[in-house]
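Single-structure report; data block below.
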Amino acid sequence: AYGQPWYSADEWKYVQAVIDRWAQDPKIHKMGWNSHYYDRIVFDQWRNITPTPAYDGIIGWRLVAGELPKSLGTAGTWVTDAPDWKGDHTATRTDSDRELHEYCGKDVVIATQVIEGTLPTITARNQDQLIPIDHATQDMCAGAHRNGLWVNPDRAARFEAWLKAEKTWTEEQCQRHAQLPKHNPRSFPQVAKLLYGKWDLTCPHYSKDTGESSTDDKALRVLLRDRRLEPHQKLYIQTLRRHRGCTKRLSTYLKPMRPETVYWKGSDGREQHGRVTWSDERLHPGYLAHTAITGRISSAAINAQNIEKVFRMIVQPQKAEVLSRLWAEGKLHQIWGHLLPPPGSPAPAWTTWDRCFVGADMDQLELRVSAALSGCDKYLQAFKEGRDPHAITARLLFEERFVRELKHKEKTGKKTAEFSSMRDFAKTFVYLVTYGGSGETAWNNITAYEDRSGKLVYAHMKQTAVEALRRKWLRGAPEYERW
C-alpha cells in the first residue's frame with residue numbers, strides 16, 4: 001500500500017550495512033556525475049560517511065569540454081551514440097517503475113562511457129594534476145552547503161517590509177513622471193510604448209529573443225546619456241531602474257530568506273517557497289564547483305556569493321544560545337559534518353563558543369595575473385615594491401594632473417576629491433581594457449559604471465575621449481598590446 005516502507009526493519013538495517021561497506025571500501029572506486037557533490041552530501045547527511053575513493057565525471061567533462069553545458073545529457077550525446085533519454089523528463093514524470101529503472105540504468109551506463117571516453121584526453125593534456133584540486137573544491141562546496149548560513153528572521157522581515165514600501169513608492173513615482181495613473185513599470189510592453197511611442201525616443205537596441213524594442217537596463221543606461229531628455233523623462237528612467245532594483249532584490253535575496261514553510265506565487269504563476277529550513281533556521285545554498293571553466297564557484301537557490309552589503313547584516317554567525325536551543329528542541333541533529341548527541345545529553349562544547357565570519361581577498365588579483373602574463377614592467381615593479389598599481393594607471397592616463405595631486409597626498413597625507421576621482425576612474429578603466437576590449441567596448445562599460453547609490457558616474461564621457469585614453473594607456477604599457 002502507498003506510504004508503507006519498502007523494507008522491513010531488519011532488511012533496512014542490512015541494506016544500510018551493505019551501502020556503508022560499499023561506500024567505504026578502498027578497493028572500489030566510486031564514479032558518478034556530480035557525485036562528489038550531490039551524492040556525497042546525501043551520504044554525509046543520512047549516513048555520516050563520505051564515499052571514498054571517488055571520481056566525479058562532471059569535473060573531467062569540464063576539463064575536456066569546458067565551454068559546453070555540464071549536464072550528463074549533453075556529455076552523453078557528444079561522447080556516446082546514446083539516444084536522448086533525458087528529454088522526456090522520465091526521472092520526474094514517470095508513473096512506471098520499469099521506466100524509472102531503465103532510465104537509471106541508462107544514466108549509469110552512459111556516465112561510465114563518458115568518463116572512460118574523457119580520461120585519455122585528460123591524461124594526454126596533462127590535466128590529471130587538476131582533478132584532486134577540483135575534488136577538494138567540491139569538498140569545500142559540500143561543507144559550505146551543509147553548514148549553511150543563519151538568517152536573522154527579525155532583520156530579514158524588517159528589510160523585506162522596507163523594500164516593499166520602496167517598491168510601492170517608486171511605482172507611484174514612475175506613474176507620476178509618466179503622467180499615466182495606471183502605468184505598470186514592471187510591464188515591458190507598457191514601458192516600451194511610453195519610451196519609444198509616446199515620447200518617441202530612439203531605441204538603443206532590440207531584444208535578441210523577440211525582436212521587440214528593448215527596455216533592459218543596458219538600453220535605459222544608453223537613454224540616460226541622451227542630452228535631449230526632458231527632466232521628467234530622465235526622472236522616470238532613473239526611478240524605473242530604482243523600482244526594478246527593488247523588485248530584483250526582493251526576488252533574488254529576501255524571498256529566498258523566508259522560511260521554507262512560506263509559499264507564494266512567482267511572476268510565472270508557479271508556486272514557490274522560502275529556502276530557510278525549519279530544522280536549523282539556516283539557508284543552505286547549493287555551491288557548484290563545475291559550472292565556470294575558470295574554476296569560479298557559483299551558487300543556486302540564492303546568489304550567496306554576491307549578497308549585497310546592505311543585506312549582509314541579515315546573514316550572521318549563529319549565536320551559541322540559538323544553536324543550543326535548536327539542539328535542545330530536537331531540531332538540530334548535525335553541525336559541521338558531525339552528528340550531535342540526542343537532546344538531554346551533556347551539552348556539547350560549542351555551546352560556549354563565540355563566532356564570527358572571516359573573509360579573505362587578494363588585492364588586484366586579475367591585474368597581477370595580467371601583468372605577469374604580459375610582462376608589463378610598470379605594474380610588476382609596483383607590485384614588487386608594494387606600491388598602488390591604480391596610481392600607476394592614473395599617472396599613465398592623466399599625467400601631470402595626477403602627479404600634482406599625488407604629491408599633495410604624499411606631503412599632507414590627505415586625498416583630494418580630484419585625486420580620488422582620477423584613481424577611481426583608473427581602477428575601473430584598467431580592468432576593462434586589460435581583456436583586450438576595443439575603445440567602443442571600454443566606453444560602453446565605463447559609461448555603464450555606477451556608484452553605490454545607482455548614479456552613472458561616467459555617463460557624460462564621450463566615446464572619443466575613452467578611446468583616446470585607451471591609446472594613451474597602451475603607449476604607456478605597450479606590453480599589453482603585444483600580449
Side-chain angles (χ1 to χ4, degrees), residues 3-64 70-73 75-76 79-80 82 85-86 90-92 94 96-120 122-123 128 130-147 279 284 286-290 333-342:
Q4 292 188 350
W6 186 270
Y7 300 108
S8 68
D10 290 339
E11 287 174 332
W12 181 230
K13 286 183 180 179
Y14 174 75
V15 169
Q16 288 177 313
V18 171
I19 292 174
D20 290 354
R21 285 199 304 272
W22 170 84
Q24 299 177 95
D25 190 334
K27 297 180 181 179
I28 301 176
H29 206 113
K30 275 67 69 174
M31 295 187 295
W33 203 260
N34 203 22
S35 54
H36 200 63
Y37 177 73
Y38 180 80
D39 301 79
R40 177 251 174 87
I41 288 174
V42 173
F43 270 93
D44 284 348
Q45 180 174 351
W46 296 106
R47 304 305 307 145
N48 199 33
I49 57 176
T50 301
T52 53
Y55 173 78
D56 195 337
I58 203 169
I59 292 298
W61 176 245
R62 189 188 70 174
L63 292 174
V64 171
K70 308 305 183 296
S71 68
L72 181 59
V79 179
T80 75
W85 80 109
K86 295 279 190 181
T90 301
T92 57
T94 184
S96 165
D97 285 345
R98 179 183 179 87
E99 287 185 355
L100 190 59
H101 292 160
E102 289 180 354
Y103 173 87
C104 292
K106 290 176 182 177
D107 257 17
V108 171
V109 172
I110 294 171
T112 302
Q113 291 179 339
V114 171
I115 291 171
E116 291 176 346
T118 54
L119 284 174
I122 293 171
T123 301
D128 308 69
L130 301 176
I131 292 173
I133 298 174
D134 287 334
H135 280 165
T137 305
Q138 286 183 306
D139 291 338
M140 178 185 68
C141 289
H145 168 79
R146 183 176 59 242
N147 288 344
S279 58
H284 293 270
Y287 296 95
L288 308 178
H290 60 263
H333 306 286
Q334 184 176 358
I335 188 169
W336 306 312
H338 301 287
L339 290 176
L340 300 176

Fill in: Whether Ser35 side chain and Met31 backbone form a donor-acceptor pair below 3.5 Å
no
Discussion item. Using every non-hydrogen atom in the two residues, find where Ile49 and Ala23 come nearest and quote the distance to one decimal.
Written reply: CD1-CB, 3.9 Å
Item to complete: Inspect the surroundings of OH in Tyr38 and state if more than 12 heavy atoms from other residues, nucleotides or ligands are less than 6.0 Å away.
Response: no
Discussion item. Distance to the ring centre below 6.0 angstrom and angle to the axis at most 45 degrees; does that hold for Lys30 and Trp22?
Written reply: yes
Practice prompt. Rounded to the nearest 0.5 Å, what's the gap from CG on Leu100 to CZ on Arg98? Could you check?
Written response: 12.5 Å
Discussion item. Using every non-hydrogen atom in the two residues, find where Val79 and Gly117 come nearest and quote the distance to one decimal.
Written reply: CG1-CA, 4.3 Å
Worksheet entry | Side-chain H-bond candidate by donor/acceptor type, Tyr7 with Lys13, under 3.5 Å | no
Item to complete: Would you give the length of the straight line joining atom SG of Cys141 to atom NE2 of His36, rounded to the nearest 0.5 angstrom?
Response: 10.0 Å
Fill in: Presence of salt bridge, Lys106 and Glu102, under 4.0 angstrom
no
Fill in: Leu63 side chain reached by Asp134 side chain, heavy atoms, under 4.5 Å
yes
Practice prompt. Locate the shortest heavy-atom distance separating Ser71 from Trp33; write the atom from each residue and the value.
Written response: C-NE1, 3.7 Å
Discussion item. With no hydrogens and no angle check, just 3.5 Å: does a side-chain donor-acceptor pair link Asp107 and Trp85?
Written reply: yes
Worksheet item: Where is the tightest heavy-atom contact between Gly32 and Asp56, given as atom of each residue plus distance?
Response: O-OD1, 3.5 Å
Item to complete: Return the minimal non-hydrogen interatomic distance between Arg62 and Ala289, and the atom names on each side.
Response: NH1-O, 2.7 Å
Item to complete: Check whether any side-chain heavy atom of Trp61 sits under 4.5 Å from a side-chain heavy atom of Ile115, and report yes or no.
Response: no
Worksheet item: Hey, does the side chain of Glu11 reach the backbone of Ser8 with a donor-acceptor pair shorter than 3.5 angstrom?
Response: yes
Worksheet entry | Beyond-backbone contact of Tyr55 with Ile131, side-chain heavy atoms, under 4.5 angstrom | yes
Worksheet item: Going from NZ on Lys86 to CG on Leu72, what distance comes out if it is rounded to the nearest 0.5 angstrom?
Response: 5.0 Å
Discussion item. List the residues meeting side-chain hydrogen bond (donor to acceptor under 3.5 Å, both in side chains) with Asp25, not counting sequence neighbours, and say none if there are none.
Written reply: none
Discussion item. Can you tell me how far apart CD1 (Ile58) and CG (Asn34) are? Round to the nearest 0.5 Å.
Written reply: 4.5 Å
Discussion item. Is the shortest side-chain heavy-atom distance between Thr50 and Gln24 below 4.5 Å?
Written reply: no
Worksheet entry | Pairwise distance NE2(His29) to OG1(Thr52) - rounded to 0.5 angstrom | 9.5 Å
Worksheet item: Are Arg47 and Gln16 side-chain neighbours, meaning at least one heavy-atom pair lies under 4.5 Å?
Response: yes
Worksheet item: Do Tyr37 and His145 have side-chain heavy atoms sitting under 4.5 Å apart?
Response: yes
Worksheet item: Where do Arg146 and His284 come nearest, in terms of heavy atoms and distance?
Response: O-CE1, 3.1 Å
Worksheet item: Is Asp139 salt-bridged to Arg40, cutoff N-O under 4.0 Å?
Response: yes
Worksheet item: Any side-chain heavy-atom pair from Asp128 and Leu119 closer than 4.5 angstrom?
Response: no
Worksheet entry | Gln138 and Ile59, any side-chain heavy atoms less than 4.5 Å apart | yes
